[in-house]
Engineer: 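Quick one: structure below, then a few questions.
The figures here come from the full heavy-atom set of this structure, side chains too, leaving out hydrogens, waters and symmetry mates.
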Amino acid sequence: MLRRQIRYLLGSLFVVPAAIFGAHAFSNVIETRNPAEASKLSPFASAAQERMAMAALEIEKDGRTLRVERSLPFARRAFAINPLATEAAAIIAYSKPSREKKANALQSTMTLTRRGKIMNLLILQSAYERRDRDEALRALDRLLLVYPSTRQELIPVFAQSLAEDEAQPAYREILRRQPEWADAFFSLNSLEDDALRNLAKLRLSLANDIQLEPEIDRNLVTRLARRGMWSETLALHRLVAGERSAAALRVIDWRQQHPPFDWELADERNFHARARANDATLAIHIGRGKGGELARRIIRLPPRITRLALDHTIQPRDSAERLKLSVLCPMEQRPLASETFGPRSVSVDLTPDSCEWVEIRISGRARSTGEDISGEVSRIKLIRAN
């Protein structure tokens, strides 16, 4: 896995901006045009020698591993002139004969600065050789912090260990510092199930130690729900929304900003459900031969609720029975109640042992030989037991 990280890094980090380096002014002017000539003309051209060292780095045929042998003469000259030449020092450190000596020398180099791209790339490579995932993550963190322009490429690389439970402590240590790139990290798409589940667990373990943009948290909740990860979905929603009591909830409007805890509505040309202004009613249209799920939403059921009810103006009136109101437990996908629409209303009864969280669904289907079905649905009323 770390070998793959190095492969990604090489493409985006191998060219190092000249602004990183420091040297005498005369050498700076000359080296921007020709570092080889600068190294000959100026005895103080440490930065020119350092750039020559980096230009001499080789990539193995596998395209994944840096070799430093050809760079060493330039690196040693640069370091002899300027002991603060970080990239040169890192190249020298990586040339040590054993993995442990490399790692120790590279750690010593970091006492000069933590900014070097080549230094951190070599630390990353050294970490791969020693199978030290945590050190590799820390090297990536430094690159993300110091070189914002690399974040689009590096954040997916940084996330490649998410699927490994053992990596959670290292991720927590880094993210607890509230890095600038945290929002982008928690917004990552295209994660496999194990990685997404661990991303949610990581967010939950950080709790209020990190402050993300509210939209980032809400989108993560939505992504978890769409994958059916209900335990993580509900726990994260509780963290984001707080422990506000559901006891005061009496009616459910048709707000749809943040599904699944707001409504997710069908939106096809001839099969849709659309909230009217102020979200008080839901306009439904089902074209001939069309059918499926029109609306769904999860709510935290207030105590002692034993019935859900709504009114409607579905036309033709004898087509109302083609629509259905259903309630189920989302974590288990266990049906609790289901009723077809009556001429003007519909209600479903719930038992006292219903789930704390329930998913409400409205579905319908029009006959292919009949008329289109359309009309409006009122807010859903939550009715308590006496």
Engineer: Between the main-chain N or O of T233 and the side-chain N or O of H237, is there a donor-acceptor pair closer than 3.5 Å?
Structural biologist: no
Engineer: To the nearest 0.5 Å, how far apart are CZ in R77 and CG in L72?
Structural biologist: 11.0 Å
Engineer: Any chance you could measure L282, atom CG, to R379, atom CZ, to the nearest 0.5 Å?
Structural biologist: 12.0 Å
Engineer: Check D209 with R172, please: is the shortest side-chain N to carboxylate O separation under 4.0 Å?
Structural biologist: no
Engineer: Answer yes when R255 and D262 have at least one side-chain N-carboxylate O distance shorter than 4.0 Å, and no when they do not.
Structural biologist: yes
Engineer: With heavy-atom distances below 4.5 Å as the criterion, would you say the side chains of F74 and I91 are in contact?
Structural biologist: no
Engineer: Using 0.5 Å steps for rounding, measure from the CG atom of L84 to the OG1 atom of T86.
Structural biologist: 7.0 Å
Engineer: Would you call the rings of W254 and W263 parallel, tilted or perpendicular, where under 30° means parallel and over 60° means perpendicular?
Structural biologist: tilted
Engineer: Keeping E321 on the side-chain end and G342 on the backbone end, is there a donor-acceptor pair under 3.5 Å?
Structural biologist: no
Engineer: Any ion pair linking R151 and E180 (charged N to carboxylate O, less than 4.0 Å)?
Structural biologist: yes
Engineer: To the nearest 0.5 angstrom, please state how far the OG atom of S161 sits from the CD atom of Q168.
Structural biologist: 10.5 Å
Engineer: Heavy atoms, side chains only, cut-off 4.5 Å: are K290 and D372 in contact?
Structural biologist: no
Engineer: Ion pair present between R288 and E371, side-chain N to carboxylate O less than 4.0 angstrom?
Structural biologist: no
Engineer: Just wondering, are more than 12 heavy atoms of other shown residues or ligands nearer than 6.0 Å to CZ in R304?
Structural biologist: yes
Engineer: Less than 4.0 Å between a side-chain N and a carboxylate O, is that true for R296 and E359?
Structural biologist: yes
Engineer: Is there a side-chain contact between L137 and Y171 in this structure, where contact means two heavy atoms from C-beta onward sitting under 4.5 Å apart?
Structural biologist: yes
Engineer: Is any NZ, NE, NH1 or NH2 atom of the basic residue among E213 and R218 found under 4.0 Å from an Asp or Glu carboxylate oxygen of the other?
Structural biologist: no
Engineer: Between R274 and L265, is there a side-chain heavy-atom distance shorter than 4.5 Å?
Structural biologist: no
Engineer: Does a side-chain N-to-carboxylate-O contact under 4.0 Å join E339 and R307?
Structural biologist: no
Engineer: Are D141 and R177 within salt-bridge range, i.e. N to O under 4.0 Å?
Structural biologist: yes
Engineer: Walk me through it: do K381 and D311 pass the test salt bridge (charged side-chain N to carboxylate O under 4.0 Å, His left out)?
Structural biologist: CA-CA 9 Å; K381 297 182 285 290; D311 301 321; 3.4 Å; yes
Engineer: Nearest heavy-atom pair of V358 and V327: which atoms, and what distance?
Structural biologist: CB-CG1, 3.8 Å
Engineer: For atom NZ of K324, decide whether the heavy atoms of other residues, nucleotides or ligands shown that lie under 6.0 angstrom number more than 12.
Structural biologist: no
Engineer: Within a strict 4.5 Å, meaning less than it, do heavy atoms of the R384 and R250 side chains meet?
Structural biologist: yes
Engineer: Looking at E356, I'd like to know if its CD atom is crowded, meaning that more than 12 non-hydrogen atoms belonging to other residues, nucleotides or ligands lie closer than 6.0 Å.
Structural biologist: yes
Engineer: Could you walk me through whether H312 and F341 pass the ring pair (Phe, Tyr, Trp, His ring centres under 6.0 Å) test, one step at a time?
Structural biologist: CA-CA 9 Å; H312 67 82; F341 279 33; 5.1 Å; yes
Engineer: Please determine whether the number of non-hydrogen atoms from other residues, nucleotides or ligands lying under 6.0 Å from atom CZ of R344 exceeds 12.
Structural biologist: no
Engineer: Are I380 and I383 linked, directly or through other ILVMFWY residues, by side chains that come within less than 4.5 angstrom of each other?
Structural biologist: no
Engineer: Under a 4.5 Å cut-off applied to non-hydrogen side-chain atoms, are N198 and L202 in contact?
Structural biologist: no
Engineer: Salt bridge between E232 and R197, side-chain N to carboxylate O under 4.0 Å?
Structural biologist: yes
Engineer: I'd like to know whether CD of E192 has more than 12 heavy-atom contacts from other residues, nucleotides or ligands below 6.0 angstrom.
Structural biologist: no
Engineer: I need the minimum non-hydrogen distance between I216 and S187, along with the two atoms involved.
Structural biologist: CD1-OG, 3.0 Å
Engineer: Between E50 and A88 (side chain of the first, backbone of the second, donor and acceptor by atom type, cut-off under 3.5 Å), is there such a pair?
Structural biologist: yes
Engineer: In terms of hydrophobic clustering (I, L, V, M, F, W, Y; side-chain heavy atoms under 4.5 Å; direct or indirect links), are L328 and L325 co-clustered?
Structural biologist: no
Engineer: Within the distance-only criterion (no hydrogens, no angle test), does the side chain of Q178 pair as donor or acceptor with the backbone N or O of L175 below 3.5 angstrom?
Structural biologist: no
